[in-house]
Amino acid sequence: MRLSRYFLPILREVPKEAEIVSHRLMLRSGMIRQEAAGIYAWLPLGHRVLTKVCNIIREEQNRSGAVELLMPPPQQADLWRESGRYDDYGKEMLRIKDRHERDILYGPTNEEMITEIVRAYVKSYKALPLNLYHIQWKFRDELRPRFGVYRSREFLMKDAYSFDLDAAGARHAYNRMFVAYLRTFARMGLKAIPMVADTGPIGGNLSHEFIILASTGESEVFCHGDYLGMTPPPADVNFEDAAGLQGVFDQWTSLYAATSEKHDQAAFAAIPEASRMAARGIEVGHIFYFGTKYSEPFGAKVQGPDGAEHLLHMGSYGIGPSRLVAAMIEASHDEAGIIWPDAVAPFQVGILNLKSGDSATDAACDALYAALTKAGYDVLYDDTDERAGVKFATADLIGLPWQVLVGPKGLAGGKVELKRRIDGARELIAPADVVERLKVG
RNA sequence: CGGAGCAUAGCGCAGCCUGGUAGCGCAUCUGCUUUGGGAGCAGAGGGUCGCAGGUUCGAAUCCUGCUGCUCCGACCA
């Protein structure tokens, strides 16, 4: 993409409402624009990151055996009356009347709808296990939205719902998601720690929050320091192997880790002092096993091998991609701007033409742009006629992981400069070697 | 939902108290000079001063109502 043809509204000054660093940087780098309290438009740069985050989530959900569908944001109130949550949910639920005075709501979650769908079609244990997920906009009318897309009213959520014949099957389903989540966050360059959690209004008896550590995190968390050194499960983990997955689960839950609500001072004190970590955390995922809480009111049953009818055992599993984007910035930035992990960077490589209009520099940039694009990289080519300093500042602000600086000084020696955003390391390199060099990482 | 505040150009702000032709910085456009870490000079464009009433010869400014937004607290992917 040529920057001169792109839509990247960079702000030099920060809008006053932005309190936390991720909100400030998302506004400054032209990723989002606020349209109302807690409601945001995703501008092209932000949309690119959000899309990449969703794709990683999607790949790992699919790998674990979950199946994607798409349910609508508006739902009929009657569906929620079946579970009793239409009255329970309170003012967080956005309620609407259509032209026929029918009660409609903008979905804050989808347990009811997915249970209705499964109830309609799934009649036999042979269709199980089943895990259906979608990535869709949710609305929760928060008392006080804040911190940009971190706590917005409209937000994107990946929500998965598992259906099994019995508690043992549901436990396997829970562990599949547990492992998929470990992999998902690791691929985004995040160290997410699973912590014992409250089940809250969703109900149930087994639940974990996935927390990443960041000094600006909302909740206080306590855990064993060894979590930071643990290796996530590999890509070829066997999701059919119930015992193997339970082993991974046991390993990742063997050490102490809890949010402040579930904190056990005595257990924490038992950890050797050097390994005790008390920090701030950001919740980026939450998984629940809740048994027959919804299948019972909905009458969602299948016939088992014994010929009898069995209520489905369910779990639900959420990740907020829009919040995740903000969380990644909280966890990875410096004074100059965002530092994106390669996997989610809006563009992997930036080409900075330090002297637009100089024919040799233009030609070198054009050639590099063509070569990198052909090699499959997402490239942002800054071909504007801004000064070099402006281009450096822009590339660092929007967090391009690799930056190729092309100017007359370097080209005089047959070189361009390759800069790594994360540590500022630079190396002089021949333009023809850039593609090969990036493969090394 | 309790408490506090704000609303004037894309962004940040002044002007309001004491009514009298709507301003500053950044950004944008034009020209010249610059050109490897957010350039300089000169010029230009851009506003129903959140909305609706009222007071007044005259309202950004005073009064009333409304709307939107932000911050602090309790709740939340």
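Below, chain A is the first sequence line, B the second, and so on; all start at residue 1. Because the structure is predicted, anything quoted here is derived from the model rather than measured.
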Which base, if any, makes a Watson-Crick or G-U wobble pair with B/rU48, both distances under 3.5 Å? none
Among B/rG36, B/rA74, B/rA39, which nucleotide sits nearest the side chain of A/V390? B/rA39
Output the residues of residues 32-45 of chain A in contact with RNA chain B, where contact means a heavy atom of the residue under 4.0 Å from an atom of the strand; sort by number or write none. A/Q34, A/A36, A/A37
Please work out whether the ring planes of A/Y150 and A/F147 are parallel, tilted or perpendicular, with thresholds of 30° and 60°. tilted
B/rC1, B/rC71, B/rA77: which one has an atom nearest the side-chain heavy atoms of A/M157? B/rA77
When both distances are under 3.5 Å in a Watson-Crick or G-U wobble arrangement, the nucleotide paired with B/rG12 is B/rC24
Rounded C1' spacing from B/rU55 to B/rA9 in Å: 30 Å
What's the closest nucleotide to the A/F392 side chain, out of B/rG36, B/rG38, B/rA74? B/rG36
In the 5'-to-3' direction, what one-character label does each nucleotide of nucleotides 26-33 of chain B receive under the scheme B = base within less than 4.0 Å of a protein heavy atom, S = sugar-phosphate only, - = no such atom? BS------
side-chain contact (heavy atoms from CB on, under 4.5 Å) with A/Q136: which residues, sequence neighbours excluded? A/L70, A/P73, A/H134, A/K138
Whether A/K91 contacts B/rC1 is assessed here as follows: a side-chain N or O lying under 4.0 Å from the phosphate OP1 or OP2. Is that the case? yes
State whether A/K97 and A/D103 are salt-bridged, where the test is any N-O pair (Lys NZ or Arg NE/NH1/NH2 against Asp/Glu carboxylate O) under 4.0 Å. yes
Can you list the residues that meet the side-chain contact (heavy atoms from CB on, under 4.5 Å) rule with A/D78, with sequence neighbours excluded? A/R81
Could you work out the separation of B/rA39 and B/rC26 based on their C1' atoms and round it to a whole Å? 14 Å
May I ask you to say whether A/R183 pairs ionically with A/E60, meaning some side-chain N is under 4.0 Å from a carboxylate O? yes
May A/F155 be described as stacking on the base of B/rA77, applying a 5.5 Å centroid limit and a 30° limit on plane angle? yes
How many whole angstroms separate atom CZ of A/F147 from atom P of B/rU70? 12 Å
B/rC6 - base-pair partner by Watson-Crick or wobble geometry, distances under 3.5 Å: B/rG68
Can you check the A/R387 CZ to B/rA39 C1' distance for me, whole Å? 4 Å
Identify which nucleotide among B/rG73, B/rG38, B/rA77 has an atom closest to any side-chain atom of A/L397, counting heavy atoms from C-beta outward. B/rG38
Tell me, please, whether A/F239 has A/R176 positioned over its six-membered ring: NZ or CZ under 6.0 Å from the ring centre and within 45 degrees of its axis? no
Using the salt bridge (charged side-chain N to carboxylate O under 4.0 Å, His left out) rule, collect all pairs that involve residues 333-355 of chain A, keeping only residues at least two apart or in two chains. A/D334-A/R421, A/D342-A/R420
Find the partner of B/rA42: check Watson-Crick (N1-N3 plus N6-O4 or O6-N4) and G-U wobble (N1-O2, O6-N3) distances, both under 3.5 Å, and reply none if neither fits. B/rU30
Residues two or more places apart in sequence or in another chain: which of them pass side chain to side chain donor-acceptor pair (under 3.5 Å) with A/N62? A/Y133
Between B/rA74, B/rG36, B/rG38, which nucleotide has the shortest distance from any of its atoms to the side chain of A/L354? B/rG36
Can you tell me how far P of B/rG10 sits from CZ of A/R28, to the nearest Å? 20 Å
Given the options A/D382, A/T361, A/D362, A/N353 meets side-chain hydrogen bond (donor to acceptor under 3.5 Å, both in side chains) only with A/D362
Take A/E82 and A/R119, measure what salt bridge (charged side-chain N to carboxylate O under 4.0 Å, His left out) needs, and give me the verdict at the end. CA-CA 13 Å; A/E82 278 196 63; A/R119 172 181 69 183; 3.1 Å; yes
Could you check which nucleotide pairs with B/rC62 in any of the strands shown, counting Watson-Crick or G-U wobble with both distances under 3.5 Å? B/rG54
Whole-Å distance separating the NE2 atom of A/H23 from the P atom of B/rC11: 13 Å
